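See below for the structure under consideration.
The analysis underlying the following values was restricted to heavy atoms, covering all of them including side chains, and did not include hydrogens, waters or symmetry mates. Everything numeric in this text was worked out from a predicted model, so none of it was measured.
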Amino acid sequence: MKKILRLLFVALLGLSLTSGISAQAKEKAADKKDEITIYLVRHGKTFFNTTGQVQGFADSPLTDKGIEQAKQVGKGLKNTKFDLAYSSDLGRQRNTAKLILAQNKNKTPKISEHDGFKEWNYGGFEGKTNAEMWTPIFEANGLKFDEEWTDYDKLVNKLGDEGVADAIAESDPLKVAETYEEITTRGQAAMDKVVANAKKKKAKNVLIVSSGSMIPTLLEMLVPGEYQGEAIDNCSVTTLKYHDNKYSVDKINDTQYVE
């Protein structure tokens, strides 16, 4: 009799453990089902990137290299089914998004445009050389500016994303460059719209093409402290996960598709 009871106890314990594991597996599966993956891609290389000119709200066309970079990213992500796609009205962003989606094997969404994904507005510095805008800011902080952006991470670590943006606004001779508050206001509005649309359409994968200063700002807004001044290269992919009203970072400046 005791032997039978022991066997029954072991059987019941096994069922309990199996049930618990099954419930955990279902919970994880549900979590995965509700997760949104956001692919933040910087546009391909442009004419102004090549000539070392300031490029914010000002625009310049993708170079042959920039076009090829966008195609390479598209090929690398060709099996990813994008449910939503965004850029701003800047041609360099829009065309990069089009080139990426053109390589995709799945049915692709229409590209929606939102001003929140535009690059920072550099005001009176637009179109001028990078050195003209950046050298005084670097030197004021005991750093040296060069076209390889060697000390940029040090500048960000010292001033923060906000301090860098506001330093540009303060030094703008025309006083029309955006402040950090203005940049983040439009950026947050854009991301709020993305998430609302993703939830409404049960989207799993979202493509957003933006720019080299705006992507770090989005990161600092959504996952404070995760961005540490890393370069955001042309056509690099920065990946975020969104679940349960929270963002997390998967990768920053992934250049595997264009290397």
Side-chain angles (χ1 to χ4, degrees), residues 39-73 76 90-93 95-96 117-173 177-178 180 183 209-220 225-239 249 251-259:
Y39 296 81
L40 284 168
V41 182
R42 185 186 174 192
H43 59 77
K45 193 167 189 177
T46 66
F47 178 74
F48 274 13
N49 291 153
T50 304
T51 57
Q53 291 174 262
V54 177
Q55 181 177 236
F57 275 23
D59 203 13
S60 71
L62 297 177
T63 60
D64 289 344
K65 182 175 181 179
I67 291 169
E68 183 57 30
Q69 287 173 327
K71 288 180 179 178
Q72 288 172 340
V73 172
L90 293 172
R92 63 186 186 270
Q93 294 181 3
N95 291 332
T96 297
F117 299 123
K118 272 186 173 180
E119 180 60 293
W120 294 1
N121 177 6
Y122 295 112
F125 292 115
E126 296 278 355
K128 295 185 177 180
T129 65
N130 287 327
E132 188 171 348
M133 180 175 79
W134 288 108
T135 298
I137 295 172
F138 274 70
E139 289 181 348
N141 290 279
L143 302 169
K144 183 179 180 181
F145 172 74
D146 59 54
E147 291 293 343
E148 284 71 45
W149 302 91
T150 308
D151 285 347
Y152 189 71
D153 59 336
K154 296 175 185 176
L155 184 69
V156 172
N157 287 330
K158 184 172 183 179
L159 297 181
D161 198 47
E162 180 175 1
V164 173
D166 288 341
I168 293 169
E170 285 176 20
S171 59
D172 173 25
E178 287 182 295
Y180 192 70
I183 296 167
V209 177
S210 189
S211 292
S213 290
M214 195 63 206
I215 289 173
T217 298
L218 294 172
L219 289 174
E220 189 58 27
E226 291 289 338
Y227 178 69
Q228 296 294 317
E230 298 93 333
I232 302 295
D233 296 317
N234 290 115
C235 274
S236 63
V237 182
T238 294
T239 314
V249 174
K251 294 178 181 177
I252 294 176
N253 193 50
D254 182 2
T255 57
Q256 63 174 302
Y257 306 118
V258 292
E259 287 180 340

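Partners of Asn157 under the side-chain hydrogen bond (donor to acceptor under 3.5 Å, both in side chains) rule, at least two apart in sequence or in another chain, do not exist in this structure. Partners of Glu178 by salt bridge (charged side-chain N to carboxylate O under 4.0 Å, His left out), not counting sequence neighbours, listed by chain and number: Arg186. With sequence neighbours left out, Ser60 forms a side-chain hydrogen bond (donor to acceptor under 3.5 Å, both in side chains) with Thr46, Gln55. Applying the side-chain contact (heavy atoms from CB on, under 4.5 Å) test to Ala140 and every residue at least two apart in sequence or in another chain returns nothing. For Asp59, the side-chain hydrogen bond (donor to acceptor under 3.5 Å, both in side chains) partners at least two apart in sequence or on another chain are Arg92. Qualifying salt bridge (charged side-chain N to carboxylate O under 4.0 Å, His left out) partners for Lys251, counting only residues two or more places apart in sequence or in other chains: Asp254. Residues that satisfy the side-chain hydrogen bond (donor to acceptor under 3.5 Å, both in side chains) test with Glu259, not counting sequence neighbours, are Thr255. Here Tyr152 pairs with Trp134, Trp149 under the ring pair (Phe, Tyr, Trp, His ring centres under 6.0 Å) rule; sequence neighbours left out. Scanning for side-chain contact (heavy atoms from CB on, under 4.5 Å) contacts around Glu126 gives Phe57, Ala58, Asn121, Tyr122, with sequence neighbours left out. Not counting sequence neighbours, Lys45 has no partner by the salt bridge (charged side-chain N to carboxylate O under 4.0 Å, His left out) test.
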Between Thr150 and Glu148, does a side-chain hydrogen bond (donor to acceptor under 3.5 Å, both in side chains) hold up when you go through it step by step? CA-CA 5 Å; Thr150 308; Glu148 284 71 45; 5.1 Å; no
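Judged as a salt bridge (Lys or Arg N to Asp or Glu O under 4.0 Å), the pairs with a partner in residues 127-141 (not counting sequence neighbours) are, in order, Lys128-Glu132. Residue pairs meeting the salt bridge (Lys or Arg N to Asp or Glu O under 4.0 Å) criterion with at least one member in residues 155-170: none, sequence neighbours excluded.
No option in Asn130, Ile137, Asp151 other than Asn130 meets the side-chain contact (heavy atoms from CB on, under 4.5 Å) test with Phe145. Screening Leu40, Leu219, Val237, Thr239 against Ile252 for a side-chain contact (heavy atoms from CB on, under 4.5 Å) leaves a single residue, Leu219.
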